[in-house]
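These notes are about the structure you will find just below.
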Amino acid sequence: MPPQSFSRLPGFRDFVPGELALRNHVFETWRRVATRYGFHEYDGPPLEPLGLYVEKSGAEIVGQLYNFDDKGGRRVALRPEMTPTLARILAERSRGMPKPIRWFSLPQLFRYERSQRGRLREHFQLNVDIVGESGVAADAEVLAVAVDAVRGLGLGEDDFVARVNDRRLVTRVLTAVGVAADRHADCLAVIDKAGRAGPDATGASLRALGLDAGAGDTLGSLIADGTWEHMKQRFADVPAVLEAMRPLAEHRAILDAMGLGGYVQFDFTVVRGLAYYTGIVFELFDRAGELRAICGGGRYDRLLELVGGEPLPAVGFGMGDVVLTELLRDRALVPAEAPACDCYIVWVGDEERTLGMSVGHRLRESGCRVMYSLRSQGLGKQLKAANRAGAAYAVIIGPDEAASASATVRDLRTGAQDTRSLESLIEHGPGGDRATSLGSGTGPPSRGGRAERKAT
RNA sequence: GUGGGCGUAGCUCAGUCGGUUAGAGCGCCGGAUUGUGGUUCCGGAGGUCGCCGGUUCGAAUCCGGUCGCCCACCCCA
């Protein structure tokens, strides 16, 4: 039998060091931002009882579940989203917790769907939720985290926007234009896909729902021009609608005060697909409109109760790594890979090898990242390897140095070199200041920092 | 799940009215260079042309199937 070859499962990713570095960069930014807002990180199992999703999530999610029966006959599924896990955890333990609960997580999620750009069968998400606070300040706070999580990666107002709406407002508008309550869900679906379907198809869909011409025209014009001002004018004499606009006005005022108003835009067509949202909803998109949603979220005040917990209002979002990473690549915001080595030990002949490894190890014990050649090589080869490893210094040990318990330290950037005692080298580090091993490259990424990676 | 496009070296791709040893650039390895790197020059390795089958004297090239990737629908991170 010839050896069998195994390829990666479709929709799954390998993270070789360069790609893992980018993933870690995103994760670190997410954690830094969420922590800055006072959120605590949690996690749960990647495998959950199938019922947790079947009962609560819609048929959409259930059709995409990775599920199977385990050896104990339990029906289980890989988690397709984090919110049910959060709800399950809190249903059990929220009663004793001070409210509001501010939690975030970076779960890997799984959905069996056909993969395409921005959509895989596995992805990581930043999930941020505030549970136990119904005020609109919590909605604004959560959206601010989402915006800052993206801003922290170097993207700005020109790159992305949060489109915001309120489920309650849409309901009031539908009622105001005369749509029967039992038609609301269908209407939401039409509004949701209006941007993709275009005005003609949308008009046809609305007529197919049996809306009269007046209602259809009003909705059509709101979809075509769903600005805040337009809404105010159109419903100036409908108190029910004006009242329903108040939470969003306050929401916007808070974000303006935070200096994030430029990232927020009212959009009547953002209603979001699934059922559990009850109030303000939002999605983050790239401004160019080339990619799928970066992030989606909103208020879900009923969910915890539905899962058997105490009735607690909640608001949160999920932000996926796949689309966001594509956007970073497009905008050249992927930071150059940091070198893994501070100091490369070079020995002239095999006789100096044990001394070199001894010095190298003592430098490592003081925190310096040290590499050296694992086989016999000429000096030129070793320096070449040092250069490629990104080392700032080469420590050269030959017969002369060995005889005098010293080493030649070469600054690989400037080419300057001097000879000093091994004792001094180990005590002060190759840079002479003991600082070479710490604090390198933690600044924010700069544009154009990607392609130049192989400047060597 | 439905429809369309595309699969040639590690990467980006060229090569098809069917023709004998399948190419380039980059990357990788080695040498020039046995006490001094980045440049340059020279050399080398690496391919069952996604896979299976069919047509043919002959298939990377044509046909069928299959798998994978991409795009659209659907929906969403």
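Numbered from 1 within each chain, the chains take letters A, B, ... in sequence-line order. Note: hydrogens, waters and symmetry copies are ignored here, and every other heavy atom, side chains too, is used.
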Distance in angstrom units between A:Glu113 CD and B:G68 C1', rounded: 17 Å
Classify the side chain of A:Glu326 versus the base of B:A77 as yes if they form a donor-acceptor pair under 3.5 Å and no if they do not. no
Length of the NE2-C1' vector between A:His123 and B:A77, whole Å: 4 Å
Now, which nucleotide makes the Watson-Crick or G-U wobble pair with B:G1, with each of the two distances under 3.5 Å? B:C73
Distance check, C1' atoms only: B:A59 and B:U48, in whole angstrom units. 14 Å
Mind checking salt bridge (charged side-chain N to carboxylate O under 4.0 Å, His left out) for A:Asp418 and listing every partner two or more places apart, or none if nothing turns up? A:Arg420
Specify the separation, in whole Å, of atom CG of A:Leu291 and atom P of B:A72. 10 Å
Classify the nucleic acid contact of A:Glu122 as base, sugar-phosphate or nothing, counting any heavy atom under 4.0 Å across all strands shown. nothing
Closer than 4.0 angstrom, basic N to acidic O: yes or no for A:Asp159 and A:Arg287? no
Using side chain to side chain contact (heavy atoms under 4.5 Å, CB included) as the criterion, point out the one residue from A:Glu48, A:Arg111, A:Gln64 that pairs with A:Pro80. A:Arg111
Using OP1 and OP2 only, check whether a side-chain N or O of A:Arg292 sits under 4.0 Å from B:A72. yes
Side-chain donor or acceptor of A:Glu352 under 3.5 Å from a matching atom on the base of B:G35? no
Rounded to the nearest Å, what distance is computed from the CD atom of residue A:Gln377 to the P atom of nucleotide B:C29? 10 Å
B:G31 OP1/OP2 closer than 4.0 Å to side-chain N/O of A:Lys381: yes
State the pairing partner of B:C28; accept Watson-Crick or G-U wobble contacts with both distances under 3.5 Å, and report none otherwise. B:G44
Among the nucleotides B:G35, B:G37, B:A77, whichever has the atom closest to the side chain of A:Leu383 is B:G37
Whole Å only: how far is the CE atom of A:Met319 from the P atom of B:A77? 11 Å
Less than 4.0 angstrom from a charged side-chain N to a carboxylate O is my criterion; do A:Asp166 and A:Arg252 meet it? no
So, is the end of the A:Arg163 side chain (NZ or CZ) under 6.0 Å from the ring centre of A:Phe285 and within 45° of the ring's axis? yes
With RNA chain B as reference, determine whether A:Thr408 or A:Leu120 sits nearer its 5' end, using the nearest nucleotide of each. A:Thr408
Side-chain contact check for A:Arg114: nearest option of B:G3, B:A77, B:U36 is B:G3
Answer with base, sugar-phosphate or nothing: what part of the nucleic acid does A:Gly349 contact at a heavy-atom distance below 4.0 Å? nothing
Check whether the ring centres of A:Phe124 and A:Phe27 lie less than 6.0 Å apart, and answer yes or no. yes
Base, sugar-phosphate, or nothing for A:Gly11, non-hydrogen atoms under 4.0 angstrom? sugar-phosphate
What distance, rounded to whole Å, do you find between the two P atoms, one in B:U56 and one in B:A14? 32 Å
From the candidates B:U2, B:G38, B:U36, the one with an atom nearest any side-chain atom of A:Asn387 is B:G38
Please determine, for B:U66, whether a Watson-Crick or G-U wobble partner exists with both distances under 3.5 Å, and give it or none. B:G50
Contact class for A:Asp400 (heavy atom, under 4.0 Å): base, sugar-phosphate, or nothing? base
Counting C-beta onward and ignoring hydrogens, is there a side-chain heavy-atom pair between A:His184 and A:Val179 closer than 4.5 Å? yes
Using the C1' atoms only, state how far B:C51 lies from B:C57, rounded to an integer number of Å. 26 Å
Starting from C1' on B:C75, measure out to CG on A:Leu188 and report it in whole angstrom. 16 Å
When you compare B:C17 with B:A24, how far apart are their C1' atoms, in angstrom units rounded to a whole number? 25 Å
No-H, no-angle donor-acceptor pair, A:Gln382 side chain to B:U36 base, under 3.5 Å: no
Do A:Phe68 and A:Val76 have side chains that approach each other closer than 4.5 Å (heavy atoms only, starting at C-beta)? yes
When we call it a touch if two heavy atoms are under 4.0 Å apart, what does A:Leu126 touch: a base, just sugar-phosphate, or nothing? nothing
When you compare B:C74 with B:A9, how far apart are their P atoms, in angstrom units rounded to a whole number? 36 Å
It should be established whether A:Arg79 places a side-chain nitrogen or oxygen under 4.0 Å from OP1 or OP2 of nucleotide B:A77. no
Rounded to the nearest angstrom, tell me the gap between atom CD in A:Gln64 and atom P in B:C75. 11 Å
Measure from CG on A:Asp411 to P on B:U36 and round the result to the nearest Å. 18 Å
Closest approach to the side chain of A:Lys384, judged atom by atom: which nucleotide of B:G38, B:G35, B:A77 is it? B:G38
Taking atom P in both B:G3 and B:G10, what distance in whole Å separates the two? 33 Å
Could you check which nucleotide pairs with B:G23 in any of the strands shown, counting Watson-Crick or G-U wobble with both distances under 3.5 Å? B:C13
OP1, OP2 of B:C28 versus side-chain N and O of A:Arg388: anything below 4.0 Å? yes
Among the nucleotides B:A77, B:G37, B:G35, which one has an atom lying closest to any side-chain atom of A:Ile396? B:G35
Euclidean distance for P, B:C6 against B:U16 (whole angstrom): 16 Å
What nucleic acid atoms does A:Leu324 come within less than 4.0 Å of, heavy atoms only: base, sugar-phosphate, or nothing? nothing
Taking only the C1' atom of each, what is the distance from B:G1 to B:G19 in whole angstrom? 44 Å
If you assign each of A:Leu9 and A:Gly318 to its closest nucleotide in RNA chain B, which residue comes earlier from the 5' end? A:Leu9
Does A:Arg375 reach a base, just sugar-phosphate, or nothing at all? Heavy atoms under 4.0 Å. sugar-phosphate
Centre of A:Tyr277's six-membered ring, under 6.0 Å away, within 45 degrees of the axis: is that where NZ or CZ of A:Arg167 sits? no
For a quick test of reading the model: is some side-chain N or O of A:Ser115 closer than 4.0 Å to OP1 or OP2 of B:C70? yes
